[in-house]
Amino acid sequence: MDPRAPKGTMDILPPESARRRRVVEAALSLFGAYGYREIETPIFEHTEVFARGIGEGTDIVQKEMFTFVDKGGRSLTLRPEATAGVARAFVQHRLDTSGLPVKLYYHGPMFRHERPQAGRFRQFSQLGVELMGSASPGSDAEVIALCAEFFAGLGVKVDLVMNSVGDAECRPAYVEALKGYLEQNLDGLCEDCRRRARANPLRVLDCKAPKCSGVVKGAPELGEYLCEACRSHREAVEGLLEAAGVSFRRDGRLVRGLDYYTRTVFEFQDPELGGQNALAAGGRYDHLVEELGGKPTPAVGFSIGLDRVMLAGPETGEEADGGVYVVAIGDEARPKAFALAQKLRKAGIRADLDHMGRSAKAQMREADREGFRLVAIVGEEELEGGFVTLRDLESGSQERVNEDALVEEAAGRLRGAAWGAG
RNA sequence: GUGGGGGUAGCUCAGCCGGCAGAGCACCGGGUUGUGGCCCCGGAGGCCGCGGGUUCGAAUCCCGUCCCUCACCCCA
């Protein structure tokens, strides 16, 4: 038996699990404050949902999906991202019939069969929102502002980069123009980009190889090709962000790898992270719902990569110390210690006690290590006298407290600690 | 899928010109008949990733393999 977790997956242990939970809770409560409600969709879907939704030609669909056949012969796939599944649920449950827009958030694991590296795993965790049913620039601005606020709240410094990839009206013409330009300048491109020129011409714009910079500089710009509707949409979104004080950088070379994006695309990048610097990304997808069999429904959303955010060092605050550790001295005192711990727990106070048969000294050490504020000592004297010795680990002072008054006394002291009154 | 680096105690790593498996931290116990942190003393803990080869002898050299890691591709 090999006890190692599968490649690209990981166990999240304390105390990291607690830090993560605080980040998730901060995000979910923020989503709620913006009027979003939670949706849970299956971890796996019919393969077709992703193939059609994300795009047959994308890398995700072509080589990164965990696909399997079930006993009924159906092809299923572990979700590589959440938006396609949410859009599918939107169609299935006719969510458009109960008033638009529909504002949903989700969080959970996603799966892509890729070679793991820093900030990239085969099972990874995303949090995101989808605002469905509105084509208004205000909805783009809302989700972007929401995401910006999420990072600000955690003290994570990010750069917001935005672009417009046009729509069905104007993008094809641009791609043709770009392709033509690249074909004529193949000599000035790196090896990878010569291949990309055909397969994924937009990607060439984002190449970091020095050799390509000259050609990239002279390339036709997507911005020039935007139709009037896309251009004014972009300006409206940018205007709203400026008015709201959300700073961003427009980058005509920002290209996203999912086919469903239209018009607005954006990324929140951490300039200090290595290769995987996109902490969150999203955009508008006005044709996805239709593609999955629903009525034409414009929508916009984003997804936050939780694992990457954790790498960026979010400020989550400290784990609150406190509570009462009940120390039993001598085996005769253990039943009483157990009963007292239960009383404290039932009163909502964090309480614990030794299960290892350890000495008083070792129990004290355990209390200290586990961050307890108070220790309630039960020994021979205490048993006889019906009291406990309550010790404050911070101040080092201790006193006798009547056994029946322990819960009340401990609650009072812990509350005082929370106020910082010592 | 491609390329670089690496797998030795729970963690971080030293040992690698072949010759008894080590340190720091963490853990457990003692120093106090019943009192934490600092300090002192002691203890436990290893298929040296796995398989094969060379050798009197391999953590050390060679081959294979798996895994981790960083980067590319792509992406959160």
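First the proteins, then the strands, lettered A, B, ... as listed; each starts at 1.
- At a threshold of 4.0 angstrom between heavy atoms, the contacts of A:Ala118 are confined to the sugar-phosphate backbone, with no base atom among them.
- At a threshold of 4.0 Å, the pair A:Asp140-A:Arg263 does not count as salt-bridged, since none of the basic side-chain nitrogens sits closer than that to a carboxylate oxygen.
- Taking both residues in full, the closest heavy atoms of A:Ala84 and A:Val49 are given as O-CG1, 3.8 Å, listed atom of the first, atom of the second, then distance.
- With hydrogens and angles left out, the side-chain atoms of A:Arg284 and A:Ser139 include a donor and acceptor closer than 3.5 Å.
- The side chain of A:Arg391 has B:G37 as its nearest neighbour among B:G37, B:C74, B:G34.
- Comparing the same atom, P, in B:G22 and in B:G46 gives a spacing of 14 Å after rounding to whole Å.
- Atom CD in A:Glu381 sits about 12 Å away from atom P in B:G34, given to the nearest Å.
- For A:Ser397 and A:Asp392, the side-chain atoms include no donor-acceptor pair closer than 3.5 Å.
- Under 4.0 Å is where a charged nitrogen must lie from a carboxylate oxygen, and between A:Arg369 and A:Glu366 at least one such pair does.
- Rounded to whole Å, the C1' atom of B:G53 lies 25 Å from the corresponding atom of B:C68.
- Side-chain atoms of A:Glu370 stay outside donor-acceptor range of the base of B:G36, with no qualifying N/O pair under 3.5 Å.
- Taking a cutoff of 4.0 Å between a charged side-chain nitrogen and a carboxylate oxygen, A:Glu142 and A:Lys103 qualify as a salt bridge.
- For A:Arg308 and B:C74, the CZ to P distance is 14 Å, given to the nearest whole Å.
- For A:Ser303 and A:Gln126, the side-chain atoms include at least one donor-acceptor pair closer than 3.5 Å.
- Between A:Phe124 and A:Gly8, the residue anchored nearer the 5' end of RNA chain B, judged by the nucleotide with its closest heavy atom, is A:Gly8.
- A:Lys63 has no side-chain polar atom (N or O) that falls below the 4.0 Å cut-off from OP1 or OP2 of B:G1.
- Side-chain contact, A:Asp167 with A:His287: no donor N or O sits under 3.5 Å from an acceptor N or O.
- Here the separation of B:G7 from B:U60, taken at their P atoms, is 12 Å to the nearest Å.
- Rounding to whole angstrom units, CE of residue A:Met10 and P of B:U69 are separated by 9 Å.
- A donor and an acceptor atom, one from each side chain of A:Glu130 and A:Thr83, are located under 3.5 Å apart.
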Check the interface with nucleotides 27-29 of chain B: list each N/O to N/O pair with the protein under 3.5 Å, or write none.
| unit_1 | atom_1 | unit_2 | atom_2 | d |
| --- | --- | --- | --- | --- |
| B:C27 | OP1 | A:Arg369 | NH1 | 2.4 |
| B:C28 | OP1 | A:Arg369 | NH2 | 3.1 |
| B:C28 | OP2 | A:Arg369 | NH1 | 3.1 |
| B:G29 | OP2 | A:Arg365 | NH2 | 2.8 |

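- For the ring pair (Phe, Tyr, Trp, His ring centres under 6.0 Å) condition, the pairs that include at least one residue of residues 33-58 of chain A, sequence neighbours left out, are A:Phe44-A:Phe68.
- Using a 4.0 Å heavy-atom criterion, one finds that A:Phe121 contacts the bases of the nucleic acid, with or without backbone contacts as well.
- Look at the P atom in both B:U2 and B:G64: the space between them is 15 Å, to the nearest Å.
- Across the protein-nucleic acid pair, A:Arg373 atom CZ and B:U35 atom C1' stand 17 Å apart, rounded to whole Å.
- Residue contacts shown for A:Gln123 are absent, as no nucleic acid heavy atom lies under 4.0 Å away.
- A donor and an acceptor atom, one from each side chain of A:Thr389 and A:Glu382, are located under 3.5 Å apart.
- Comparing A:His113 and A:Ala278 along RNA chain B, the residue whose closest nucleotide (by nearest heavy atom) sits nearer the 5' end is A:His113.
- Searching all strands for a Watson-Crick or G-U wobble partner of B:C72 with both distances below 3.5 Å returns B:G1.
- What separates CE of A:Met65 from P of B:A76 is a distance of 15 Å, to the nearest Å.
- Taking only side-chain atoms of A:Thr389, from C-beta outward, the nucleotide of B:G34, B:A76, B:G36 with the closest atom is B:G34.
- Atom-to-atom, CZ of A:Arg120 to P of B:C72 comes out at 9 Å; the value is rounded to the nearest Å.
- Pairing partner, B:G64: B:C50, with both Watson-Crick or wobble hydrogen-bond distances short of 3.5 Å.
- The base of B:A76 is paired with the side chain of A:Glu114 by a donor and an acceptor separated by under 3.5 Å.
- Comparing the same atom, C1', in B:C47 and in B:A21 gives a spacing of 13 Å after rounding to whole Å.
- In summary, A:Asp354 and A:Arg334 engage in a salt bridge, as defined by a charged side-chain N under 4.0 Å from a carboxylate O.
- Spacing between B:G45 and B:C28 at atom P, rounded to whole Å, works out to 16 Å.
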Checklist entry - Which nucleotides of nucleotides 2-13 of chain B have their base under 4.0 Å from a protein heavy atom (B), which only their sugar-phosphate (S), and which neither (-), written as one string 5' to 3'? => result BB----------
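- B:G36 sits 23 Å from B:A44 when the C1' atoms are compared, rounded to a whole Å.
- If you measure from atom CZ of A:Phe268 to atom C1' of B:A76, you get 13 Å, rounded to the nearest angstrom.
- Both distances falling under 3.5 Å, in either a Watson-Crick or a G-U wobble arrangement, occur for no nucleotide opposite B:U35.
- Among the atoms of the strands shown, base atoms are found under 4.0 Å from some heavy atom of A:Gly119.
- Nucleotide B:G42 is matched to B:C28 when pairs are restricted to Watson-Crick or G-U wobble geometry with both distances under 3.5 angstrom.
- Distance noted for atom P between B:G4 and B:U65: 14 Å (whole Å).
- Looking at A:Gln363, its side chain has no donor and acceptor atom pair within 3.5 Å of the base of B:U35.
- As rounded to whole Å, 6 Å separates atom P of B:C72 from atom CD of A:Gln117.
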